[in-house]
S.K.: 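What follows is a single structure, and I will ask about it in a moment.
Computed from a predicted structure; not experimentally measured. Per chain, numbering begins at 1; letters A, B, ... match sequence-line order.
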Protein chains: 2
Amino acid sequence: LNGTLAAGDYIGFTFFTGYMSMLAASIFFIVERGTVNDKWKTSLLISALITFIAAVHYFYMRGVWLDTHESPTQFRYIDWTLTVPLMCIEYFLILKPAGAKTGMLSRLIFGSVVMLVAGYIGEAVVPAQNVMWGIISTLGWALIIYEIYMGEASKLAAASSNEDVKTGFKVMRWFTLVGWAIYPVGYMMLPGNLLSGFSGNIDLAYNIADAINKIGFGLVVWNIAKGATASEA
Amino acid sequence: LNGTLAAGDYIGFTFFTGYMSMLAASIFFIVERGTVNDKWKTSLLISALITFIAAVHYFYMRGVWLDTHESPTQFRYIDWTLTVPLMCIEYFLILKPAGAKTGMLSRLIFGSVVMLVAGYIGEAVVPAQNVMWGIISTLGWALIIYEIYMGEASKLAAASSNEDVKTGFKVMRWFTLVGWAIYPVGYMMLPGNLLSGFSGNIDLAYNIADAINKIGFGLVVWNIAKGATASEA
Ligand SMILES: CC1=C(/C=C/C(C)=C/C=C/C(C)=C/C=O)C(C)(C)CCC1
Ligand SMILES: CC1=C(/C=C/C(C)=C/C=C/C(C)=C/C=O)C(C)(C)CCC1
């Protein structure tokens, strides 16, 4: 395996750092789970599962990359199909003590499904129309943004009596707005799309975004749980 | 392995998401087991074993699929032979505090054996007669439905003093009625069967059904255990 990562293959480099950082993050979250109050344990477990699922798919993706130097689009979307809904569940679990209902979770997951199905169609099924599918996908993302910035989720967080949840939620949604924005920028580098002059760097964008949004987001959840545990004690 | 999952092979896609979600669910159940009262720990362990057994067989099945694009019928039934009886055991464990006897477990397992043996004969041994074997298989399923909707199991649950068990049991049996119904619908897409116009999607139906019935059902058990632990504390 190792012999085939050429010097200067910096995209391949990020597949390797992506794999290892996801695996290390999983261990971190699962072990740290032992130090927080019971009601936060499930959240840390979900953080660990998100990075673990990613670690497995990065393992496959770096293999595809080394063998073909093509985008491992299938594995990318297989990974997102599992991890994005889990991130919606993180929002739900964090806001549950504040009274979150499953309707909120359904709306977040619905937005994710629109976003990912349209994105997959644009990248893998009818790439000639990737601009149109990108726009549809962005609408799905906009539903999520709406829910957490103006919808029920934002109201619940604002009404929460727990300061750690309140400030933590603001950081979480900032990830969903700013961190997730790296993905559509990557997508726009596809041939025939708005930034296609930069073609070839879509995987670099996705790998950087994944590290920020999976590990960084998990660390925010971890921080909320740690802070709340300290103040509840 | 990796190179051969083609763009647009959405059945292959579900073999991969199936594999990973089963593995993640196993970790979830086994770790969360630590947070419930002792008397619920065995139930969560069984949930974890069901998804773990499935993860291993999905690993095999996705390999068969990638190599041949044919239904991995053998592994499908090997998996069900192990996991369906374990689901019967889940019913038994949940109703044990309410006084379940092993007779109930035997009846559930008898129904499962009829259902699976007949289904296997129809799919793999004499496919020309798959309609007849499908009907016999459905009779086995009907025995299970009878037991949990009208038989002893339903009476025990109704008489239980534990609210979490009572409402949880209703959700569990709903899975066995509605979630399990996806399997015979998939089976009817076999050539020569009632819905054969849809031929080729039997694996898609089975993969979706497995995710719902193994992970979803396990989550219901988890929810009962969590709720009961909170109210017993
Ligand atoms: C808006 C948009 C997209 C957004 C993708 C996103 C936001 C993916 C997020 C993935 C995450 C957060 C995974 C973490 O576990 C696509 C599909 C690239 C297509 C173009 C339009
Ligand atoms: C009724 C019927 C069938 C039912 C299969 C079922 C209900 C399988 C359930 C499997 C589960 C729940 C596995 C989970 O671990 C067959 C065999 C397709 C054959 C056609 C008739």
Side-chain angles (χ1 to χ4, degrees), chain A residues 26 29-31 33-34 36-86 89 96 102 116-117 120-127, chain B residues 1-37 44 47-48 51-52 55-56 58-59 62-63 65-66 171 204 207-208 211-212 215-216 218-220 222-223 225-227 229-230 232-233:
Chain A
S26 310
F29 293 131
I30 207 101
V31 174
R33 176 180 172 280
V36 301
N37 276 356
D38 277 4
K39 68 172 161 191
W40 303 108
K41 283 193 177 6
T42 310
S43 296
L44 285 203
L45 176 55
I46 302 291
S47 295
L49 289 179
I50 290 172
T51 49
F52 177 67
I53 290 170
V56 173
H57 294 111
Y58 268 84
F59 184 82
Y60 301 153
M61 288 197 286
R62 68 180 201 190
V64 174
W65 181 260
L66 290 181
D67 287 351
T68 67
H69 284 80
E70 282 171 13
S71 285
T73 308
Q74 321 303 319
F75 293 118
R76 191 71 81 179
Y77 278 87
I78 288 169
D79 177 67
W80 290 350
T81 301
L82 300 168
T83 51
V84 175
L86 286 175
I89 291 176
K96 214 174 153 193
T102 51
L116 296 177
V117 170
Y120 184 75
I121 297 175
E123 271 193 65
V125 187
V126 276
Chain B
L1 170 84
N2 301 301
T4 46
L5 181 65
D9 177 359
Y10 54 94
I11 300 174
F13 201 102
T14 60
F15 276 113
F16 274 81
T17 52
Y19 167 64
M20 196 63 224
S21 56
M22 294 295 172
L23 192 59
S26 309
I27 298 172
F28 180 83
F29 293 131
I30 209 102
V31 174
E32 281 286 301
R33 178 180 171 278
T35 67
V36 302
N37 277 354
L44 284 203
S47 294
T51 51
F52 179 68
V56 173
Y58 267 84
F59 185 82
R62 72 179 202 191
W65 180 259
L66 290 182
V171 185
L204 188 63
N207 289 355
I208 292 171
I212 294 173
I215 302 176
L219 286 173
V220 176
W222 167 78
N223 204 44
K226 279 282 200 182
T229 298
E232 282 156 14

S.K.: Under 4.5 Å, counting heavy-atom pairs only, tell me which of A/Thr73, A/Thr42, A/Ile121 racks up the most with chain B.
M.R.: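 Top count of heavy-atom pairs under 4.5 Å with chain B: A/Thr42.
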S.K.: What part of B/Phe15 gets closer than 4.5 Å to chain A, counting heavy atoms only: side chain, backbone, both or neither?
M.R.: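 Interface part for B/Phe15: neither.
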S.K.: If every non-hydrogen atom of B/Val31 is compared with every non-hydrogen atom of A/Arg33, which pair is closest and at what distance?
M.R.: CG1-CZ, 3.2 Å
S.K.: Heavy-atom distances under 4.5 Å only: say whether A/Leu49 touches chain B with side chain, backbone, both or neither.
M.R.: side chain
S.K.: Write down the atom of B/Met20, the atom of A/His57, and the distance for their closest heavy-atom approach.
M.R.: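 Heavy-atom minimum between the residues: CG-CE1, 3.5 Å.
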S.K.: What are the two closest heavy atoms between A/Ala124 and B/Ala7, and how far apart are they?
M.R.: O-CB, 3.8 Å
S.K.: Supply the atom-to-atom distance B/Thr35 OG1 to A/Lys39 NZ, rounded to the nearest 0.5 angstrom.
M.R.: 14.5 Å
S.K.: For A/Leu45 and B/Phe28, work out which heavy atoms get closest and say how close.
M.R.: CD2-CD1, 3.5 Å
S.K.: Between B/Phe13 and A/Tyr77, is the ring-ring contact (aromatic ring centres under 6.0 Å, His included) condition met? List the steps.
M.R.: CA-CA 9 Å; B/Phe13 201 102; A/Tyr77 278 87; 7.7 Å; no
S.K.: Mind ranking A/Leu82, A/Ile46, A/Asp79 by heavy-atom pairs under 4.5 Å with chain B and telling me who comes out on top?
M.R.: A/Leu82
S.K.: Check this for me: B/Lys226, atom NZ, are more than 12 non-hydrogen atoms of other residues, nucleotides or ligands nearer than 6.0 Å?
M.R.: yes
S.K.: Any idea which heavy atoms bring A/Ile53 and B/Ala24 closest together, and the distance?
M.R.: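 Between these two residues, the closest heavy atoms are CD1-CB, 3.9 Å.
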S.K.: Would you name the heavy atoms of A/Gln74 and B/Leu5 that are closest together and state the gap between them?
M.R.: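 Minimum heavy-atom contact is CG-O, 3.3 Å.
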S.K.: Measure the OG-CG distance between B/Ser21 and A/Leu86 for me, rounded to the nearest 0.5 Å.
M.R.: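 These two atoms lie 9.5 Å from each other.
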